[in-house]
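Below: one structure, written as structure tokens.
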2 protein chains.
Amino acid sequence: MAVATLSDVAARAAVDVSTASRVLRGEEGQRVREETRARILAAADALGYRANPVARALRTARTHTLGMAVPQLDNPVFAAAIAGAERVAAARGYALLISHLEDALPAKDAYARLAQLNRVDGLLAATLEEDAPLAEALARAGVPFVALNRVLPGACSVALDNIAAMRVAVDHLVSLGHRRIAHLAGRASGWNGRLRLAGWRAALRAQGIRPDPELVEHAGYTASGGAAAMAALLARVRTPPTAVLAATLVSAAGALRTLRQAGLAVPGDVSVAALHDGPVAELVEPQLTTVALPAEAMGAAGAEALIAMIEGGQVSDATTLLPPGGLVRRASTGAARGR
Amino acid sequence: MAVATLSDVAARAAVDVSTASRVLRGEEGQRVREETRARILAAADALGYRANPVARALRTARTHTLGMAVPQLDNPVFAAAIAGAERVAAARGYALLISHLEDALPAKDAYARLAQLNRVDGLLAATLEEDAPLAEALARAGVPFVALNRVLPGACSVALDNIAAMRVAVDHLVSLGHRRIAHLAGRASGWNGRLRLAGWRAALRAQGIRPDPELVEHAGYTASGGAAAMAALLARVRTPPTAVLAATLVSAAGALRTLRQAGLAVPGDVSVAALHDGPVAELVEPQLTTVALPAEAMGAAGAEALIAMIEGGQVSDATTLLPPGGLVRRASTGAARGR
DNA sequence: CCCGACAGAACAAACGATTGCGCAAACAGC
DNA sequence: GCTGTTTGCGCAATCGTTTGTTCTGTCGGG
């Protein structure tokens, strides 16, 4: 016999399976003689009994498994979010099923994936780019889910406070005397990209600086995108900005390359800062000043929220915005020229 | 009723559940009238029936789920391996359960995790650093598993061909005229680290060069480790090497920093190359020449092997060594001085 | 006209747990 | 000594499938 079942334990302890079950589940309100309980525990121990999660799941309609859908696995932000979710899930006795959903997933595929859904108790969806329909389908199916890394109206969401993060970065640059601060934005279609752009505007205005639309260039989320955007920006404007604030670490790294090729010193001529801290920030030259964003905590908070919904039996639509982790000052930012 | 069950379908089609099951599982050898089959399919379609994976798993003792244990999630190599495993798993109808197991996991923890094991059909273990006992426990429990990213004697293993990869790198450097080629090694305790060191020696010898033990420095797997090791090496040797071959991308990036600070030009004075290609290689200055290593393919091959074991019912102990993806020549390597 | 053979579908027993309910023994109150 | 309550535990149904076995016709052959 490969693995001991409950009835094996019950047989060895000479009790009914129901009694064995009650004892082994460790419920308090049960009336079982102390001697019987000990006998059952001893039998379970001797046989190395472990409850079969599949059978339990069938009976209780709870798999104690969380599904997590992410658009890309190689992105450090999602990797960190997975790590955070896994940490919380493990601590709360849940397993984590991960699913790679390309960004632009055909609807039918998405629904096919839903088929797998009754094997999870809830879904952590980092991938609902514009997928309101999928969200609705989930809600209709009564599957608890939380939108991760973006705010989905009407759904429980856990995301980063991009506005606050941009404000930290802008305030830092302004405190160094910068007033012409360009923004290498993310994708215009992305939730985070849009909010970072909005945050750039808001933070500048809060500092009494008029945001100049000419200083915005969309760079996407790659180094080459950052390099190209930086080049386009330099080619376009009369007076180059004294500082560049990139929406992501890798686009900032790309921008650094372009600036170097253009013969501009960083931070002598142009300061560069980015959102999202990470190991890469210390590998580039000069090392990048960043605003740390709590990606791991985002995954963890998402898992917490999801488990709360599952165990509470309540679907919540609360939105959690995680504040930035703070400025990580390195070598790429310095006083504005002529100050 | 939240979700339709098989008996709902059977009732609607006015047949027995067993008949419905046979039709919906789509087995060929079954004798069912065409008209009945159509009626059942129509009913299933109308109700949006999807088989409950949990019930099916209980009955068939197959969860169609793969477990994957990794030591770190933020490491790009493991992220890629996960992506590869997920791709194959999804294509073959399996789900991927990921589990983060710290490197030095206490045995009792490991066994606790085993408890979750009857919810997976097999285990992809990237984390059996020195865990022969765990491997044995798995084997004894009859759980199919494959060791990933290292070769575990007696177990089915999928790993990288470090020897071949180092040879590609060494040959490249030698072809540029280098003969004093230092090695920034990984951890001496790590399987990959050890083999890369061995590969360095073997490749040099194959080129008729005596490997000089003085030119080896252990750098671990971090940028700061790489920087420190490079510094130590420079401080130690009389004549600096003309080339440095790092066991990992990030340690090479760290070494670059040290070389820059020491006033040595790359590749003018010293060429630098590393194993493992990745986005980081293009972000550093100068961009790094690397040997691409198939991390995603490793995850994929591991999943393939595991599924083959599961579906074949045979435990294999075959070892697959994946050949390097090839040299990615960038700016950090050049002709040896004085050639 | 009877007897297999066979197709088509129903019956029923699992898989391994959880849980409402019922039953016996022990015990108290009167 | 009889009833009523409590305590401790067993009985049996159930979760949603899969699958071996059995049953009922129908049909062809002798």
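So that the names make sense, note that chain A is the first sequence line, chain B the second, and so on, each numbered from 1.
- The interatomic distance linking B:R62 (CZ) with C:dA14 (P) rounds to 21 Å, in whole Å.
- In this structure, the CZ atom of A:R25 is 14 Å from the C1' atom of C:dG16, given to the nearest Å.
- Note on A:T36: a side-chain N or O is less than 4.0 Å away from OP1 or OP2 of D:dC9.
- Remark: B:R33 is in phosphate contact with C:dA9, judged by side-chain N or O atoms under 4.0 Å from OP1 or OP2.
- Rounded to whole Å, atom P of C:dA10 lies 8 Å from atom CD1 of B:I40.
- For A:R31 and C:dC21, the CZ to C1' distance is 11 Å, given to the nearest whole Å.
- Each of B:D16 and B:A55 was assigned the nucleotide of DNA chain D with the nearest heavy atom; the assignment lying further toward the 5' end belongs to B:A55.
- When the C1' atom of C:dA17 is taken as reference, atom CG of A:L24 falls 11 Å away, rounded to whole Å.
- Taking atom CG of A:D8 as the reference point, atom P of C:dC15 lies 11 Å away to the nearest angstrom.
- Across all their heavy atoms, A:T319 and A:A155 have their closest contact at OG1-O, 4.3 Å.
- Mapping B:R56 and A:R37 onto DNA chain D via the closest heavy atom, the residue that lands nearer the 5' end is A:R37.
- Nearest heavy-atom pair, B:H64 versus B:G93, reported as atom, atom and distance to 0.1 Å: ND1-O, 3.7 Å.
- Residue A:A20 is classed as having no contact, given no heavy-atom separation below 4.0 Å to the nucleic acid.
- Comparing B:V32 and B:L58, the nucleotide of DNA chain C nearest to each residue sits closer to the 5' end for B:V32.
- Minimum interatomic distance between A:V9 and A:A44 (heavy atoms only, all atoms of both residues): CG1-N, 3.8 Å.
- In this structure, the CD atom of A:E34 is 10 Å from the P atom of D:dC9, given to the nearest Å.
- The shortest distance between the side-chain N/O atoms of A:R59 and the OP1/OP2 oxygens of C:dA17 is not below 4.0 Å.
- For the pair B:N52 CG and D:dG16 P, the computed distance is 7 Å after rounding to whole Å.
- For the pair A:T63 (side chain) and A:R119 (backbone), a donor-acceptor distance under 3.5 Å is present.
- Put simply, A:T19 has a side-chain N or O that comes within less than 4.0 Å of OP1 or OP2 on D:dG10.
- A donor-acceptor contact under 3.5 angstrom links the side-chain atoms of A:S18 to the base of D:dC11.
- Expressed to the nearest 0.5 Å, how far OG of B:S7 lies from CZ of B:R12 amounts to 13.5 Å.
- Residue contacts for A:R22: at a heavy-atom cut-off of 4.0 Å it reaches a base atom on one of the strands shown.
- At the heavy-atom level, A:V15 lies under 4.0 Å from the strands shown only through sugar-phosphate atoms.
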